[in-house]
Amino acid sequence: MAIEDNRSFTHPLYDFMLTVPGLSLATGRVDQLLTWGLTNSLWIFPMATSCCGIEFMATAASRVDIDRMGSIVRGTPRQADVMVVAGTITVKMAPRVKKLWDLMPEPKWCLAMGSCAISGDFYRDLYPTVPGIDTFLPVDVYVPGCPPNPEALMAGMLRLQEKVRLQREGKWAPKESRPETAKMIMPALRRINDPARDPSVDKAQLDSAMKVAGSEPLEEAPTPERMPPRSAEPVPIDGDLQALLTAHGVTEIPRDAPPLVPVARHRDLAEQLKKRGFRQLVTVVATHYPDKRDKAGLILTPEYYEVAYALRTVGRGSQLVMWRVRFEVPDGIDSLYGVFAGADWQEREQFDLIGVRFAGHPDLRRILLPHDYAGFPLRRDHASDAPCAPWR
Amino acid sequence: MSVVKAKRQNPHFRLDLYEPEADLMVLNFGPQHPSTHGVFRMQLHLDGEKIVKAVPDLGYLHRGVEKLCERLTYVQITPIVDKNDYVSPMHNEQAINMAFEKLLGIEVPRRARYLRTIFAELQRMASHLLWLGTFALDLGGAIGGGASVFLHCFRERELILDLFEEVTGARFHYNTHTIGGNRHDITPGWAQSVKSALAVIESRIPEYESITLSNGIFFERTKGIGVLDGELALELGITGPILRASGVDHDLRRDAPYHAYDEIEVKVASAEGGDCWARSVVRLAELRESLRIVRALVDAVPEGPICGYKPIKLVGQVKIPSGQVYSAMESSRGELGTYVIAGGGEGNVSPYRLKIRPPSFHALSALPYLLPGHMVADAVVILGSLDPIMGEVDR
């Protein structure tokens, strides 16, 4: 039996159903009921990586309470309809996001929350970030903002509900365009326990700031010249400590930088300082200085590294001591691992970012970047937008 | 108060030399897991249900902030570092601007120092409230449906965010600090709003304590779990509530005062035990202490300018010729430091190298020491009690 229909799909059961009077009306009603149920129970899988994740939590929490839209937050992709990608996605994380998306059962939707997920925001050009999740996921709704207010996310969920409704009715849902410029997102709801804000208060605040900014004495403030640091911590070194530094090969203590210690003596210095109460390894900072060449291409100063260490005493009147070690590029430096257990991760991080080799380190592997990343990103000769396949 | 002593585990423990009681198994924990507080991955090597070795894997949120700062000017850096520790952005802004002020030798006006102190303490309260809520979620149904603590804490956190929104116009990522002071002055009725919000929060702290610390299940889940040796904590560079819970009396607000902390006495919270319980006790005590500090300062804000530097009209206006400086402050998680190498960059308007010393990175480095010997369920509790924020760990 031929059906007067423009559908290409035919099936005996379908043909039979069309002959039953009233059945199409009934299934239509059931379909409306299912649409109503589906749009009001969009369970969310939060792919929350950073700041937007906190605003997402605020949306799920007491004040805004996204649960009243039927959007329950689920920790597993298998039970969710909507993936809310909230936060920056890095090249290390992106394959995991894709995998989690693939784990979600159909039908499924994706909501990009915040400018990092939409376009990468100001991390867009940088080596480790993905310039927008729509490079590898089909995004249904974009919610711009940095981070979007909970109200903006609610509005995004309402837009998604509308889109789902149109799709269920077989209509064409207009594609959302990626917001190219982040528009200012104003709160859609007034703050619930905030008294209506008086516009004159805004003006008074603005006037006060302008007055301060434009007041006479500040215009004359003697700032461009450097004044002696008010409370520079590394400088006030007592005689005892100075003697110790001199004994370890320090020739001068500069005013604006930590003293330079010879490579061979620095581990010994750390041991001595630890005995004197500097028991906390505060930080390790490595810096790369590329070689300087003249116009003919001859090397004036070769490429070198500087590694600065900081130790601290604890308790009242805490004292900080810092020193630097300078050495040329192929060389390494003695690890402080054996003296301070914290050198393990801190030196590993500097190896990862700068490429300094620490001799005697037990576990010198990459810590932040993917293990197959080529190069050391914080070296001065490494481009900040170095390509990282397959995104750039 | 005595420094906590505990047996030190070997983080580079060799599994091939280990003789398991049951079967050895590797459990991959994260990077997407509701209890990892962001994107953090651990490989847990298990003997039955006992952890014998934990290998953390970071970097799933490494965004290259330090590289980005090298190509931005000093003025442009402030809104970028907001996103590092996204639970306490105020502290990030203050830390970075303190370093630049130290390099330039600028005196911050007294009014701005008071405002910074008040903002910092309010932010610490918001951060600790968020920690308590998520920590209760980590403990899960054990404490009467952990979600109720989460909802209670977020209710009060919103009050603090409203206060910030009134001054800066943003719920977070405020961009309200600038070199030499603050950008936004407080509104006339703000002090009164602060006091009424504080009254609400103060009345509810006993409620939190009754549903967490006074709860027998909370006690059982946290007491004696993840005992951190005080000396090890110092070597690892751990600071903040975790260090104080291990019996080391150290707080930069009191020991190396900045802002207006030299004008007010800070009572450093402490606890004994070095376990997850002690860390919870310290954070709740800090909540009360921050409340006291804000209440004392908010009425005493002096009159005067809020910025000690000439008005910034161009992003390339601030030039710092040369110098290296380390400056630190106490954020909600510990010592938030900034090491800046100025000069050598293009036109002296951007730093040559900028390193942010995040307290959470150091806190996480304790995991290979803390986890072995515990059950898998305790791993979640230990991780939650360290309160890591992956944005600042990975930067």
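Computed over heavy atoms, backbone and side chain alike; hydrogens, waters and symmetry mates excluded. Note that this is a predicted model, so its numbers are computed, not measured.
Side-chain contact between Pro258(A) and Tyr339(B): present, with at least one pair of heavy atoms (C-beta onward) separated by less than 4.5 Å. Within the 4.5 Å cutoff, no side-chain heavy atoms of Arg63(A) are placed close to those of Phe154(B). Side-chain contact between Ile367(A) and Phe361(B): present, with at least one pair of heavy atoms (C-beta onward) separated by less than 4.5 Å. Residues Ile341(B) and Tyr289(A) form a side-chain contact, since some pair of their non-hydrogen atoms from C-beta on lies under 4.5 Å apart. By the 4.5 Å heavy-atom criterion applied to side chains, Ser62(A) and Glu158(B) are not counted as neighbours. Contact check for Gln280(A) versus Val248(B): no side-chain heavy atoms found under the 4.5 Å cut-off. Put simply, the side chain of Pro31(B) reaches to within 4.5 Å of the side chain of Met93(A), judged on heavy atoms. The closest side-chain heavy-atom distance from Met390(B) to Ser50(A) is not below 4.5 Å.
For a residue to count as touching a neighbouring chain, one of its non-hydrogen atoms must lie under 4.5 Å from one of that chain's; by this rule Leu100(A) touches chain B with the side chain only. Residue Glu101(B) does not touch chain A at all, counting heavy-atom pairs closer than 4.5 Å. Interface remark: Lys83(B) contributes backbone and side-chain atoms alike to the contact with chain A (heavy atom separation under 4.5 Å). For Val284(A), the part lying near chain B is the backbone, with the side chain staying farther off; criterion is any non-hydrogen pair under 4.5 Å. For Asp344(A), the part lying near chain B is the side chain, with the backbone staying farther off; criterion is any non-hydrogen pair under 4.5 Å. Only the side chain of Tyr337(A) comes within less than 4.5 Å of a heavy atom of chain B; its backbone N, CA, C and O stay farther away. Heavy atoms of Pro46(A) lying under 4.5 Å from chain B belong exclusively to its backbone. Residue Ser193(B) does not touch chain A at all, counting heavy-atom pairs closer than 4.5 Å. For Gln346(A), the parts sitting under 4.5 Å from any heavy atom of chain B are the backbone and the side chain alike.
Counting all heavy atoms, side chain and backbone alike, Arg380(A) lies closest to Pro351(B) at NH1-O, 4.3 Å. Taking both residues in full, the closest heavy atoms of Arg353(B) and Ala286(A) are given as NE-O, 2.6 Å, listed atom of the first, atom of the second, then distance. The shortest heavy-atom contact between Tyr352(B) and Pro290(A) is OH-CD, 3.4 Å. Taking every heavy atom of both residues into account, Val282(A) and Arg357(B) meet most closely at O-NE, 2.8 Å. Across Tyr127(A) and Gly64(B), no two heavy atoms sit closer than the pair OH-CA, 3.5 Å. In plain terms, the two heavy atoms of Leu61(B) and Thr49(A) that are nearest each other are CD2-O, 3.4 Å.
The most heavy-atom pairs under 4.5 Å with chain A, out of Leu72(B), Leu364(B), Asp255(B), come from Asp255(B). Here Leu58(B) is the residue among Asp85(B), Leu58(B), Leu236(B) with the most heavy-atom pairs under 4.5 Å with chain A.
The neighbour count for His12(B) NE2, taken as heavy atoms of other residues, nucleotides or ligands under 6.0 Å away, is above 12.
With salt bridges taken as basic N to acidic carboxylate O contacts below 4.0 Å, one links Glu335(B) and Arg312(A). Salt-bridge annotation for Arg365(A) and Asp57(B): absent, with no side-chain N of the basic residue lying under 4.0 Å from a carboxylate O of the acidic one. A salt bridge links Arg395(B) to Glu349(A): one of the charged nitrogens lies within less than 4.0 Å of a carboxylate oxygen. Residues Arg279(A) and Glu235(B) are not paired through a salt bridge, judged by the lack of any N-O separation under 4.0 Å between the basic side chain and the carboxylate.
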- Message: Checking Leu378(A) against Glu70(B) for the side-chain contact (heavy atoms from CB on, under 4.5 Å) test, could you report, in this order, the C-alpha distance in whole Å, the side-chain angles of both residues, the deciding distance, and whether it holds?
- Response: CA-CA 9 Å; Leu378(A) 253 66; Glu70(B) 284 173 16; 4.3 Å; yes

- Begin from the C-alpha positions of Lys92(A) and Asp394(B) and carry the test salt bridge (charged side-chain N to carboxylate O under 4.0 Å, His left out) through to its verdict. CA-CA 12 Å; Lys92(A) 195 172 176 181; Asp394(B) 298 342; over 6 Å; no

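The side-chain tip of Arg63(B) does not point at the ring of Phe122(A) from less than 6.0 angstrom away and within 45° of straight on.
Ring centroid separation for the pair His62(B) and Tyr123(A) does not come in under the 6.0 Å cut-off.
Between the CG atom of Leu161(B) and the CG atom of Asn149(A) there is a distance of 10.0 Å, given to the nearest 0.5 Å.
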